[in-house]
Amino acid sequence: MSKIVKGMFDVMPKDEENWRQVQWWRFVESTARTVAERFRFQEVRTPLVEYTELFKRGVGDTTDIVEKEMYTFTDRAGRSISLRPEGTAGIVRSFVGHKVYAQPQPTKWFYMGPMYRYERQQVGRYRQFHQLGVEAFGSFDPALDAEVIALGMQFFEELGLKGVQVEINNVGDPESRARYFEALIAYFEPYKEELAEDAQNRLYRNPMRILDSKDPHTHEIAMGAPSILEYLSEDSRANLEAVKQYLDILGVNYVQNDRLVRGLDYYTQTAFEYMVDIPGAQASTIGGGGRYNGLVQEVGGPDMPGVGFGVGLERVLLALEEQKVVVPEPSRLDCYMITFDQATKRKSMELLAELRRAGLSAERDYLDRKMKAQMKVADREQARFVAILGEDELAQNTIQVKNMETGTQEAVPFDQLVTYIQTEKGR
RNA sequence: GCGGUCGUGGCGAAGUGGUUAACGCACCGGAUUGUGAUUCCGGCAUUCGAGGGUUCAAUUCCCUCCGGUCGCCCCA
């Protein structure tokens, strides 16, 4: 009855797993917004659901994500709808649907939110997971590729995450990629019997994945495989060089990896992945992206290019925890008000309201606890001040205010309570 | 989707085929008058993931299911 859906988790004020606490999420989200906006990317929010067809066309209907990992259902009118398994398709749909392509370009957007994939859960992998995504439309300039990559790196840096490296590659256009696939198959076929079992399975399906096989012998064979660079057009190669040069200028710590391939169909040209060590987790990839120059057209818009990335927030949080990064503490309680009988409780309502309207956080007891117990609560809540409102105080229109750090206490007239706490707090 | 492993109170964690299921933390209350720590005392699982089965008797044995976790696949 109270069971959470498999593969999902709640983000709570307190949790034995630090990274699942709201303050951690708020830190990551606010940092993301700050950095993205500094690069002049604007936040957009699209629905969690789209018509299934969009993902089939956008992400690719032969990808594992679409083929076996989507939450798909039929609505009451018989339409096929899916929970978004990634963010880009919906953003592109929005870009095309609102004819934003007719506006001055480039369009630079970012988004954050939950994505859904029906998979077995593991460390850093959930059925509902969260991504920060950025997308820039309307320019082929490799400087934009580099800045998108740099945006992600600055995000990690401002979070305090160390050791993030970005691997980059150029996967060319679909035609040259198809030629490269053929070349790989031709290369591996003679070794077929020697390859590891999973590599044999991948041979015709996705030969590029054989390149990063964990099996030693397969790896050895793969060393001799041709590089995609040999199959790229002049244009693609020049593009890769330009992106690298800009990354150098931006001071981004990158590594070129001509074996990097991405799992979604829409990528063309630049492809990249952000990597950081997450012990225990199978994957060290915390984000990835690239260009998708054909996607806007695929979704029904004009032939307009795009570049972007998606970063897995759970993985970022996990890495932050692993590196013992200190996240900002939630703000402390300014004033805990101790009350006794009905009359003092009634008066406290008024005083609490004043404090709160003045921007101070204020709290009191709602369980008719004794004073001693109320003091304990105040201590546990780390209150800066405790204001004691008893019968005597009420009669004299004053309240006893105790500074919980110094232990000093003095009587303060009701009408000076707010300013008293404000000035004392500032010391 | 496949394989391994685990499942005792809010959390951590003992335990046994048979009268009242340790202990620690947390929480609540008390140690005479309206003040936070420590200490002391007391309270807190008609119940051992769920459902069957074996047995005179099961939390302990068997089966099924559900869930967590790890690995494969794939990915953020």
Side-chain angles (χ1 to χ4, degrees), chain A residues 1-9 12 14-17 59 62-70 84-88 112-133 152 196-199 201-202 205-206 209 212-215 261-264 273-276 278 280-289 309-319 336 338-341 344 367-394 399-409:
Chain A
M1 204 47 209
S2 58
K3 218 180 319 184
I4 193 164
V5 171
K6 192 175 170 74
M8 317 232 164
F9 61 91
M12 310 281 281
K14 286 258 174 281
D15 195 292
E16 54 277 17
E17 300 265 23
V59 180
T62 59
T63 57
D64 280 7
I65 291 176
V66 169
E67 243 176 13
K68 45 185 215 191
E69 293 173 4
M70 277 210 296
R84 60 185 186 192
E86 57 92 59
T88 303
M112 266 184 284
M115 308 293 163
Y116 303 84
R117 289 183 199 171
Y118 194 89
E119 304 178 87
R120 284 288 233 140
Q121 121 178 18
Q122 268 177 63
V123 179
R125 200 175 74 183
Y126 293 87
R127 289 184 173 180
Q128 174 179 281
F129 63 102
H130 299 75
Q131 283 190 335
L132 157 67
E197 197 183 321
D198 61 329
N201 295 334
R202 288 163 174 169
R205 205 157 44 93
N206 192 349
R209 291 234 78 98
D212 53 18
S213 170
K214 291 161 195 155
D215 177 70
V261 67
R262 312 241 58 240
L264 288 65
E273 275 184 15
Y274 297 107
M275 328 272 279
V276 72
I278 308 174
Q282 187 186 144
S284 55
T285 300
I286 54 176
F309 68 68
V311 162
L313 265 24
E314 283 77 7
R315 291 185 183 178
V316 169
L317 262 334
L318 238 29
Y336 188 92
I338 290 180
T339 54
F340 300 86
D341 57 8
T344 56
L367 295 173
D368 288 321
R369 280 191 257 244
K370 302 256 176 76
M371 180 181 187
K372 192 183 178 76
Q374 290 187 51
M375 284 300 291
K376 278 190 178 176
V377 173
D379 188 53
R380 186 170 58 211
E381 303 289 316
Q382 297 242 284
R384 287 179 214 271
F385 298 93
V386 163
I388 303 160
L389 180 61
E391 285 175 79
D392 296 350
E393 286 79 11
L394 196 56
I399 189 163
Q400 289 288 328
V401 180
K402 177 172 184 172
N403 182 319
M404 292 296 274
E405 263 142 52
T406 63
T408 60
Q409 181 174 324

Undergrad: Would you indicate which nucleotide in B/rA37, B/rC70, B/rG29 comes nearest to any side-chain atom of A/D379?
TA: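 For A/D379, the side-chain atoms sit closest to B/rA37.
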
Undergrad: For A/F129, enumerate each residue passing the ring pair (Phe, Tyr, Trp, His ring centres under 6.0 Å) test, keeping only those at least two apart in sequence or located in another chain.
TA: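 None.
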
Undergrad: Given B/rU35, B/rG67, B/rA76, which nucleotide is nearest the side-chain atoms of A/K6?
TA: B/rG67

Undergrad: Determine the contact category for A/R369: base if any of its heavy atoms lies under 4.0 Å from a base atom, sugar-phosphate if only primed atoms, P, OP1 or OP2 are that close, otherwise nothing.
TA: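 It contacts sugar-phosphate atoms only.
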
Undergrad: Please tell me which of the listed nucleotides, B/rG36, B/rC72, B/rG30, lies nearest to the side chain of A/Q122?
TA: B/rC72

Undergrad: At 4.0 Å (heavy atoms only), tell me whether A/Q374 reaches a base, stays on the sugar-phosphate, or touches nothing.
TA: nothing

Undergrad: Ignoring the backbone of A/K376, work out which of B/rC74, B/rA37, B/rC70 is nearest its side chain.
TA: B/rA37

Undergrad: Which of these nucleotides, B/rG68, B/rU35, B/rG34, is closest to any side-chain atom of A/Q121?
TA: B/rG68

Undergrad: Which nucleotide wins on minimum distance to the side chain of A/R125, given the candidates B/rG36, B/rG67, B/rC75?
TA: B/rC75

Undergrad: Whether the A/Y116 and A/Q128 side chains hold a donor-acceptor pair (N or O, under 3.5 Å, no angle test) is what I'd like checked.
TA: yes

Undergrad: Identify the stems formed by RNA chain B, where each pair is Watson-Crick or G-U wobble with both distances under 3.5 angstrom and a stem is at least 3 consecutive pairs.
TA: B:1-7 with B:66-72, B:10-12 with B:23-25, B:27-31 with B:39-43, B:49-53 with B:61-65

Undergrad: Please say whether more than 12 non-hydrogen atoms of neighbouring residues, nucleotides or ligands are located less than 6.0 Å from OH in A/Y118.
TA: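 Open: at most 12 neighbouring heavy atoms sit under 6.0 Å from OH of A/Y118.
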
Undergrad: So what does A/I388 touch, heavy atoms closer than 4.0 Å: a base, only the sugar-phosphate, or nothing?
TA: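 Contact class for A/I388: base.
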
Undergrad: Does A/Q400 have a side-chain nitrogen or oxygen under 4.0 Å from the phosphate oxygens OP1 or OP2 of B/rU35?
TA: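 No, no such contact exists.
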
Undergrad: So, OP1 or OP2 of B/rG30: does either fall under 4.0 Å of a side-chain N or O from A/K370?
TA: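 True: A/K370 side-chain N/O within range (under 4.0 Å) of B/rG30 OP1/OP2.
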
Undergrad: Regarding A/Y336, tell me which of base, sugar-phosphate or nothing describes its non-hydrogen contacts under 4.0 Å with the strands shown.
TA: nothing

Undergrad: Provide the distance between the two P atoms, one in B/rG71 and one in B/rC28, to the nearest whole Å.
TA: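 Per the computed distance, 39 Å lies between those P atoms.
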
Undergrad: Under 4.0 Å, heavy atoms only, any strand: does A/G7 hit a base, just the sugar-phosphate, or nothing?
TA: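 Result for A/G7 = sugar-phosphate.
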
Undergrad: At 4.0 Å (heavy atoms only), tell me whether A/E393 reaches a base, stays on the sugar-phosphate, or touches nothing.
TA: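 Base, at least one base atom sits under 4.0 Å.
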
